[in-house]
Amino acid sequence: MAPTACLRLPFLPARAPARSANPAAAYPSPRLPSLKCSAANSHSSGFSPNSTSISPISPPRATLADGVESVDANGLRRPPAPVSGLTVPGARDPHWLPRPLTSADVMDVNGKGLKVAYQGCPGAYSEAAAKKAYPNCETVPCEHFDTAFQAVQNWVADRAVLPLENSLGGSIHRNYDLLLRHSLHIVGEVRLAVRHCLLANPGVKIENLKSAMSHPQALAQCEHTLTELGIEHREAVDDTAGAAKFVAEQMLQDTGAIASSLAAKLYGLDVLAENIQDDKDNVTRFMMLAREPIIPRTDKPFKTSIVFSLEEGPGQLFKALAVFALRQINLTKIESRPHKERPLRVSDDCLLKNFDYLFYVDLEASMADPKTQNALGNLKEFATFLRVLGSYPTDVNEP
């Protein structure tokens with residue numbers, strides 16, 4: 001084989017910049033304050049290099065006429081005082097300027113043409129949540145939560161709808177951990193009322209059942225009812241619809257499944273009892289994930305989900321929460337999770353002391369609101385890690 005020759009480009013000397021007759025033209029114009037996305041430092045935070053963080057750029061120093069934020073002894077900036085009589089020229093009004101379109105804008109509002117991934121078998125509650133979020137979508141079942149994340153990240157699916165917390169069972173910690181491992185964005189939420197049913201093969205009666213099979217949380221949510229029905233044995237599986245599928249395929253006569261009425265129709269099972277959950281107010285909150293964030297707005301209720309970590313010290317968490325309280329931003333959720341990359345924090349006396357924690361917080365605020373940007377800018381000044389997981393519309397519909 002003949003050797004391959006490398007293409008060599010001729011060396012050209014650099015051209016000197018042309019002098020301008022206007023001295024001011026030689027200097028760049030000052031940049032307006034903005035919020036930029038930057039890759040998270042994998043060496044300092046311990047997370048994937050694909051993760052992103054929101055870093056506010058400090059605005060130019062304001063004059064007294066602009067209304068500046070006062071700084072107290074703890075380093076917390078108070079919101080700027082309102083300034084009366086301040087007008088913005090129409091040509092510089094940000095609401096007058098058109099915003100760029102994203103893929104979320106050109107998608108059908110009902111999800112037509114979207115492929116939406118969920119965890120579980122067909123008939124799972126997650127599939128019902130996906131259909132509620134995107135009524136005309138094509139659902140893509142995934143074996144594990146991680147598989148649904150990868151399906152969106154690798155362009156196999158357009159969206160993912162995954163559970164985040166349940167009113168009875170609490171948070172789904174696995175999905176909180178996966179939010180940091182992957183670079184997806186929360187673009188919406190949907191609440192689904194969970195109505196558990198006791199399913200069995202045709203001809204099987206409740207008195208014939210000795211065992212119930214379902215997801216561990218579903219079994220826990222129906223514990224009291226199952227005991228009253230005389231069903232003592234429990235079998236835990238990966239998901240509720242998978243339990244219904246297994247009972248149908250194996251033609252079990254002494255085992256029932258706890259799943260949805262949709263699963264009964266899909267797998268040809270009879271519904272022996274409906275609404276068997278111990279607490280009738282059983283609601284699961286699902287998050288909608290996408291590769292790109294949506295553009296936040298202020299004309300409708302929005303939530304913003306963040307995660308951050310702090311240095312050890314008295315009052316550090318109080319200081320972090322104060323940046324929101326000072327700006328009248330309400331928090332709807334706060335939860336701590338051990339930092340998996342740094343499980344133990346070393347104290348000054350070189351003794352292992354405490355876990356190092358990540359704090360997950362949901363704010364009743366939009367990233368389009370300047371006070372939200374100011375609050376996160378203040379938090380970033382002393383937080384060791386900060387990432388915005390998403391700013392998205394609040395689900396105000398009935399579950």
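All values derive from a computational prediction rather than experimental measurement.
A salt bridge is defined here as a Lys NZ or Arg NE, NH1 or NH2 lying under 4.0 Å from an Asp or Glu carboxylate O, and E189 with R191 fails to meet this definition. A salt bridge does not link D369 to R327: none of the charged side-chain nitrogens sits closer than 4.0 Å to a carboxylate oxygen.
Listed for the N208 side chain is a donor-acceptor partner under 3.5 Å among the backbone atoms of K205. Although no hydrogens or angles enter the test, the distance criterion places no donor-acceptor pair under 3.5 Å between the side chain of D270 and the main chain of L272. At distances below 3.5 Å, at least one donor-acceptor pair connects side-chain atoms of N374 with backbone N or O atoms of P370. Panel note: side chain K245, backbone Y267; no donor-acceptor pair is recorded below 3.5 Å. Side chain of K280 to main chain of N275: a donor-acceptor pair is present (N/O by atom type, distance under 3.5 Å, no hydrogens or angles). A distance-only check finds no donor-acceptor pair linking the side chain of T255 to the backbone of A212 [under 3.5 Å].
If you check the side chains of T384 and E311, you find no donor sitting under 3.5 Å from an acceptor. A side-chain N or O of N166 and one of N282 form a donor-acceptor pair less than 3.5 Å apart. A donor-acceptor pair shorter than 3.5 Å can be found between the side chains of S171 and E335. Of the N and O atoms on the side chains of Q221 and D278, not one donor lies less than 3.5 Å from an acceptor on the other residue. Using modelled atom types, one finds a donor on one side chain and an acceptor on the other under 3.5 Å when comparing Y392 with S305. With hydrogens and angles left out, the side-chain atoms of T332 and E364 include no donor and acceptor closer than 3.5 Å.
In this structure, the side chains of I231 and K210 stay at 4.5 Å or more apart for every pair of heavy atoms. A heavy-atom distance below 4.5 Å is not found between the side chains of Q277 and V194.
When every heavy atom of A236 is checked against every heavy atom of P216, the shortest pair comes out as CB-CG, 3.9 Å. Across A200 and L209, no two heavy atoms sit closer than the pair CB-CD2, 4.4 Å.
Across K333, R285, K303, a single residue satisfies salt bridge (Lys or Arg N to Asp or Glu O under 4.0 Å) together with D362, and that is R285.
Between Y176 and Y360, the two ring planes are perpendicular [angle over 60°; tilted spans 30° to 60°].
Scanning for side chain to side chain donor-acceptor pair (under 3.5 Å) contacts around H144 gives an empty result, with sequence neighbours left out. Listed by chain and number, the residues in a side chain to side chain contact (heavy atoms under 4.5 Å, CB included) with A218 are H196, S214, H215, T240, I258 (sequence neighbours excluded).
Residue pairs satisfying the ring pair (Phe, Tyr, Trp, His ring centres under 6.0 Å) criterion with at least one member in residues 275-314, sequence neighbours excluded, are listed as follows: F308-F359.
With F382 as the aromatic partner, K319 meets the cation-pi criteria of under 6.0 angstrom to the ring centre and within 45 degrees of the ring axis.
In terms of hydrophobic clustering, with Ile, Leu, Val, Met, Phe, Trp and Tyr side chains grouped at heavy-atom distances under 4.5 Å, I206 and L199 are assigned to different clusters.
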